[in-house]
Amino acid sequence: MSLPITGYAVFVYFKEINRCHAPHFPDIESAEEFANDLRAMSDCDVAEPIAITPTTKKELLRADL
């Protein structure tokens, strides 16, 4: 079963305060643009965008609404 990519995350590590953040983006282009801009403007460790995919398929039930 192949589930679709639902978005992209860019992991960012702020060395000075020892914190990580992972903003999410709807498409690869905006995730790459963010990652490249942040690398150019800061001294943070910035990962390449990582695809987010569901691990299971859930059927929507009326009770969930």
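Atoms considered below: every heavy atom in the structure, side chains included; atoms not considered: hydrogens, waters and symmetry mates. Everything numeric in this text was worked out from a predicted model, so none of it was measured.
Side-chain contact between Pro23 and Phe34: present, with at least one pair of heavy atoms (C-beta onward) separated by less than 4.5 Å.
The distance from the CD1 atom of Ile50 to the OH atom of Tyr8 is 12.0 Å, given to the nearest 0.5 Å. The CZ atom of Arg19 lies 11.0 Å from the OH atom of Tyr13; values are rounded to the nearest 0.5 Å. Between Lys15 atom NZ and Ser42 atom OG the span is 8.5 Å, to the nearest 0.5 Å.
Counting all heavy atoms, side chain and backbone alike, Ala51 lies closest to Ile5 at CB-CD1, 3.9 Å. Counting all heavy atoms, side chain and backbone alike, Ala35 lies closest to Ala47 at CB-O, 4.1 Å. Counting all heavy atoms, side chain and backbone alike, Pro54 lies closest to Pro4 at CD-O, 3.2 Å. Of all heavy-atom pairs between Thr53 and Leu3, the closest is CG2-O, 4.3 Å.
Tracing side-chain contacts under 4.5 Å through hydrophobic residues (I, L, V, M, F, W, Y), one never reaches Ile28 starting from Ile52; they form parts of separate clusters. One hydrophobic cluster, built from ILVMFWY side chains closer than 4.5 Å, cannot hold both Ile17 and Met41; they sit in different ones. Linking ILVMFWY side-chain heavy atoms closer than 4.5 Å, directly or via other members, places Phe25 and Val12 in a single hydrophobic cluster.
A donor-acceptor pair is defined here as one N or O able to donate and one able to accept, closer than 3.5 Å; no such pair exists between the side chain of Arg39 and the backbone of Asp45.
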